[in-house]
Amino acid sequence: MEYESVMKLLLERGFFFPSSEIYSDAPAGFWEAGPLGLGLRNRFVDLWRRELIRRDGMIEMEGSQIMPASVFRASGHLESFADPIATCKQCKSATRIDKLLEKHTREIIPEGLRESEYQDLIDRHNVKCPSCGGQLDTIRLFNMMFRLGIGAGNDDAYLRPETCQSIFVDFLRLFKVMRCKLPIAIAQHGKSFRNEISPRQSIIRLREFYQAEIEIFFNPENDTKFEKFDAEKDTVLRIKKADGTEVVQRCADFVDANILPNRLAGYYLALLQKFYGTTGVDLNRARFRELGKMERAFYSSSGFDFEVETSIGWLELVACNYRGDYDLSRHSAVSKRDISVMDGLDKVTPHVFELSMGVDRSLYAILEHNFREEEQRVVLGLKPFLAPIQAGVFPLITRDGLPEQAQSVYRQLCVDFSCFYDASGSIGRRYRRGDEAGFPFAITVDHQTLSDGTVTIRYRDSMEQSRVPLTELSDKLRVLLAYS
RNA sequence: GCGGGGUUCGUCCAGUCUGGUCUAGGACUUCAGCUUCCCAAGCUGGCAACGCGGGUUCAAAUCCCGCACCUCGCACCA
């Protein structure tokens with residue numbers, strides 16, 4: 001099973017490991033990033049900035065992780081991010097009560113009822129446990145946000161369940177101070193927190209996790225004027241529609257067929273797909289999946305998940321949602337502030353299309369898609385520009401002054417590149433260790449180095465070597481590590 | 001949260017049924033040295049574990065009870 005192999009590598013090499021693991025009461029869903037995991041994530045975020053933020057002229061901000069209750073009253077998370085759950089007295093299975101009631105009564109059950117109101121409905125309709133027909137126990141509301149008390153007054157606040165709320169809350173100021181014009185994308189990378197009932201699968205379902213979110217604000221009336229679309233209109237997308245059929249065709253055809261809500265959405269889906277191609281995720285094992293009405297988040301009127309096929313099935317990496325003017329209108333209503341902006345001569349409340357990327361699972365997908373077990377070795381074939389350690393520096397043997405010379409090469413490189421010096425065991429062992437940790441290159445100092453000042457560069461993927469003068473080594477590495 | 005299956009060095013495995021000889025053993029990894037002129041070679045030596053808490057017992061890795069975590073299903077989701 002590949003998932004196990006990848007996880008084993010991640011644990012043994014210190015990419016990621018459980019938080020507070022020496023204590024037995026450490027809760028699930030919290031993971032540390034070790035040196036290699038942190039390095040990989042930093043490079044992933046660098047690539048995200050390069051391929052999305054800078055390429056598209058987005059602006060980036062960083063909001064607070066703790067926000068007051070009103071933010072989430074407005075966003076709908078206080079009402080809708082909670083699941084009413086009842087346990088069966090007989091078979092002990094937990095059931096989502098709202099869904100059960102809707103099935104029973106064939107009516108829409110309003111969101112955000114109190115426990116007692118759900119209880120009334122259950123009693124009135126005589127609803128039983130769906131799996132065994134037993135008596136249902138009392139209702140609990142389970143909100144997935146972490147609640148905090150601020151200051152001496154212990155005022156209600158929450159750890160943000162998604163990074164985007166600060167983008168909406170700060171929209172007006174950002175728009176003004178950066179002198180934005182619609183359409184404009186505002187991005188944020190950082191941590192979000194969700195009190196999952198049962199986190200599973202290591203870094204794929206976390207309670208504390210990284211998101212990289214992009215909120216694109218636009219005037220829905222002006223989609224035909226969205227000129228950037230032309231650059232991506234011929235990009236081929238694979239979309240699995242909500243009815244289960246799969247369509248592969250040009251971005252423009254999806255827009256014409258009304259499968260995509262507008263040209264702007266098509267453009268950003270194409271951009272997103274290209275970004276993932278650059279990370280080394282295998283696009284032949286990737287698709288967009290259109291979400292049906294029941295699957296979408298409460299704020300979403302149209303949604304597509306970008307999914308990647310892995311050894312544990314299709315994995316959602318990005319949620320792409322058409323949020324309409326839901327967020328800005330709600331924040332405007334609750335805060336009693338006007339959050340509309342001028343678009344030419346029109347005053348509009350912009351609509352939002354969002355790309356909400358799960359960073360940790362993206363890293364997992366990149367790792368799994370680039371991991372291979374060959375006959376003689378295990379290789380983490382990360383793109384050089386994503387590799388947390390870019391070069392190993394080794395003396396061929398540990399005498400004749402080679403270690404000293406290799407140390408000096410290491411010191412020459414270590415400020416500009418992340419390098420790892422290793423002199424233990426045989427040279428072959430060091431190459432193999434590097435392969436497993438994803439070092440794309442290895443610099444070896446040998447006896448010839450002492451006489452002519454050249455070293456060898458050994459390439460991880462081909463295992464071939466070439467000689468480079470020390471004077472050209474930094475430039476050579478820079479070229480090898482460039483984005484491609 | 002519910003149900004099934006699990007938890008012994010970093011990893012894999014032995015020991016658990018049938019409590020004592022376990023001061024918990026081996027292999028791989030790792031570390032220190034030796035060796036080594038390019039792909040996990042060899043030699044010597046070292047570090048390193050019974051998930052946590054309670055109980056039974058003269059005695060617990062071993063039996064019992066809680067809890068935690070892992071894993072598979074349900075549910076939820078980036």
Side-chain angles (χ1 to χ4, degrees), chain A residues 1 3-5 7-9 11-14 17-30 81-83 85-88 90-97 99-100 129-132 137 140 142 144 161-164 191-207 209-213 291 295 297 303 305-307 312 315-321 354-362 364-365 376-378 394-400 402 424-436 442 444-450 456 458 460 463-465:
Chain A
M1 213 32 205
Y3 171 78
E4 277 82 16
S5 308
M7 280 319 299
K8 189 176 158 186
L9 175 77
L11 284 163
E12 286 184 0
R13 294 290 169 188
F17 48 94
S19 179
S20 311
E21 62 180 339
I22 64 168
Y23 288 101
S24 63
D25 63 346
F30 300 93
F81 212 55
D83 296 334
I85 286 176
T87 320
C88 172
Q90 198 168 306
C91 73
K92 305 283 180 202
S93 66
T95 315
R96 281 279 301 272
I97 283 309
K99 294 195 171 172
L100 186 63
C129 170
S131 43
C132 75
D137 212 337
R140 295 176 297 128
F142 184 79
M144 304 233 296
E162 51 180 9
T163 55
C164 59
K191 279 206 167 154
S192 291
F193 306 82
R194 294 181 190 175
N195 201 358
E196 297 283 345
I197 297 170
S198 148
R200 291 275 166 86
Q201 287 172 323
S202 61
I203 59 169
I204 290 164
R205 277 270 302 288
L206 296 163
R207 287 183 165 131
F209 61 104
Y210 273 96
Q211 289 187 308
E213 293 195 298
L291 299 183
E295 282 183 291
D305 279 350
F306 180 72
E307 300 183 326
I312 50 172
L315 190 60
E316 303 161 27
L317 300 188
V318 188
C320 311
N321 284 303
E354 93 175 338
L355 308 174
S356 174
M357 307 173 36
V359 174
D360 312 87
R361 12 173 102 178
S362 294
Y364 176 79
Q376 294 293 323
R377 59 177 193 152
V378 173
F394 311 142
L396 183 60
I397 55 171
T398 54
R399 52 182 171 78
D400 304 336
L402 296 186
S424 88
S426 68
I427 186 71
R429 179 178 288 279
R430 284 174 250 151
Y431 287 147
R432 295 298 160 82
R433 272 198 289 245
D435 291 342
E436 204 173 304
T444 303
V445 168
D446 56 19
H447 290 80
Q448 194 180 330
T449 310
L450 303 178
T456 63
R458 183 255 192 194
R460 175 194 62 206
M463 296 202 283
E464 282 166 5
Q465 283 176 289

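Computed from a prediction, not measured in an experiment: that's the story for all the values here. Below, all heavy atoms of this structure are taken into account, side chains as well, without hydrogens, waters or symmetry copies. Residue numbers start from 1 in every chain, and the chains themselves are labelled A, B, ... in the order their sequence lines are given, proteins ahead of strands.
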Query raised in the report: If you measure only the distance, is there a donor-acceptor pair under 3.5 Å linking the side chains of A/Ser202 and A/Tyr364?
Result: no
Report task. Indicate yes or no for a side-chain donor-acceptor contact from A/Arg458 to the backbone of A/Glu464 under 3.5 Å, with no hydrogens or angles considered. Result -> no
Query - Donor-acceptor contact below 3.5 Å, side chain A/Asp360 vs main chain A/Tyr210 - result: yes
Requested in this report: Taking only the side-chain heavy atoms of A/Met144 (C-beta and beyond), determine which of B/rC39, B/rA78, B/rC76 contains the nearest atom.
Outcome: B/rC76
Report task. Please state the C1' separation for the pair B/rU23 and B/rA59 - nearest whole angstrom. Result -> 16 Å
Query raised in the report: Given that both distances must come in under 3.5 Å, which nucleotide forms a Watson-Crick or G-U wobble pair with B/rA32?
Result: B/rU44
Query raised in the report: Looking across every strand, which nucleic acid part, if any, lies under 4.0 Å from A/Ser192 by heavy atom: base, sugar-phosphate, or nothing?
Result: nothing
Requested in this report: To the nearest Å, give me how far apart CZ (A/Arg205) and C1' (B/rC70) are.
Outcome: 15 Å
Report summary line: Out of B/rC38, B/rC37, B/rA32, minimum distance to the side chain of A/His447 belongs to B/rC37
**Report entry** Paired nucleotide for B/rC58 [Watson-Crick or G-U wobble; both distances under 3.5 Å]
**Finding:** B/rG20
Report task. Consider the side chain of A/Arg399, meaning its heavy atoms from C-beta on, and name the nucleotide among B/rC31, B/rC37, B/rA78 that approaches it most closely. Result -> B/rC37
Report summary line: The nucleotide from B/rC31, B/rC39, B/rC77 with an atom nearest the side chain of A/Ser424 is B/rC31
**Report entry** Inter-nucleotide P distance (B/rG45, B/rG26), Å rounded
**Finding:** 12 Å
Report task. Name the nucleic acid region contacted by A/Pro27, choosing base, sugar-phosphate or nothing; use a 4.0 angstrom heavy-atom cut-off, strictly under. Result -> sugar-phosphate
Query raised in the report: Looking at B/rA78, B/rC31, B/rU35, which one has an atom nearest to any side-chain atom of A/Thr398?
Result: B/rU35
Requested in this report: Using atom types as modelled and distance alone, determine if a side-chain donor or acceptor of A/Arg207 lies under 3.5 Å from a backbone N or O of A/Gly29.
Outcome: no
Query raised in the report: Which whole number of Å gives the distance between the P atom of B/rG66 and that of B/rG5?
Result: 14 Å
Query raised in the report: Does B/rA27 have a Watson-Crick or wobble partner in any strand here, with both distances under 3.5 angstrom, and which is it?
Result: B/rU11
**Report entry** Span that lies between the P atom of B/rA27 and that of B/rG42, in whole angstrom
**Finding:** 12 Å
Query raised in the report: B/rC70 phosphate, OP1 or OP2: any side-chain N/O from A/Ser202 under 4.0 angstrom?
Result: no
Query raised in the report: Given the P atoms of B/rG53 and B/rC69, what is the spacing between them in whole Å?
Result: 16 Å
Query raised in the report: For the side chain of A/Ile397, counting heavy atoms from C-beta on, which of B/rC38, B/rA78, B/rC37 is nearest?
Result: B/rC37
Query raised in the report: Do side-chain atoms of A/Arg377 reach the backbone of A/Arg432 as a donor and acceptor pair under 3.5 angstrom?
Result: no
Please list, pair by pair, any protein nitrogen or oxygen found under 3.5 Å from a nitrogen or oxygen in nucleotides 11-13 of chain B.
unit_1: B/rU11; atom_1: O4'; unit_2: A/Glu12; atom_2: OE2; d: 3.0
unit_1: B/rU11; atom_1: O2'; unit_2: A/Lys8; atom_2: NZ; d: 3.1

Requested in this report: Return the nearest nucleotide to the side chain of A/Arg361; candidates are B/rA78, B/rC69, B/rC38.
Outcome: B/rA78
Report task. Would you mind telling me which of B/rA78, B/rC70, B/rU35 lies closest to the side-chain atoms of A/Ala28? Result -> B/rC70
Query raised in the report: Salt bridge or not for A/Asp435 and A/Arg430, using N-O below 4.0 Å?
Result: no
Query raised in the report: If we take the C1' atom in both B/rU62 and B/rU35, what is their distance in whole Å?
Result: 45 Å
Report task. Could you check how far CD of A/Glu21 sits from P of B/rC9, rounded to whole Å? Result -> 12 Å
Requested in this report: With a 3.5 angstrom cut-off on both distances, give the Watson-Crick or G-U wobble partner of B/rG73, or none if there isn't one.
Outcome: B/rC2
Report task. Tell me whether the OP1 or OP2 atom of B/rU71 has a side-chain N or O from A/Tyr3 closer than 4.0 Å. Result -> yes
Report summary line: On a heavy-atom basis, the closest approach of A/Thr163 and A/Lys191 is CG2-O, 3.9 Å
Query raised in the report: Once you round to the nearest 0.5 Å, how far does CG of A/Asp400 lie from CG of A/Asp446?
Result: 11.5 Å
Query raised in the report: Got a sec, which residues hit side-chain contact (heavy atoms from CB on, under 4.5 Å) with A/Thr444, two or more places apart in sequence or on another chain?
Result: A/Phe394, A/Leu396, A/Ile427, A/Tyr431, A/Thr456
Requested in this report: Determine the Euclidean distance between corresponding C1' atoms of B/rG51 and B/rU7; express it in Å to zero decimal places.
Outcome: 6 Å
**Report entry** Check: A/Arg194 side chain, A/Pro161 main-chain N or O, donor-acceptor pair, under 3.5 Å
**Finding:** yes
Query - Between B/rA61 and B/rU18 - C1' atom distance, rounded Å - result: 15 Å
Report task. With heavy atoms under 4.0 Å as the rule, sort A/Gln448 into base, sugar-phosphate or nothing. Result -> nothing
Identify each atom pair where a protein N or O and an N or O of nucleotides 40-46 of chain B are less than 3.5 Å apart, giving names and distance.
unit_1: B/rA40; atom_1: N7; unit_2: A/Gln376; atom_2: O; d: 3.3
unit_1: B/rA40; atom_1: N6; unit_2: A/Glu436; atom_2: OE1; d: 3.1
unit_1: B/rA40; atom_1: N1; unit_2: A/Glu436; atom_2: OE1; d: 3.4
unit_1: B/rA41; atom_1: OP1; unit_2: A/Arg429; atom_2: NH2; d: 2.8
unit_1: B/rA41; atom_1: OP2; unit_2: A/Ser426; atom_2: OG; d: 3.0

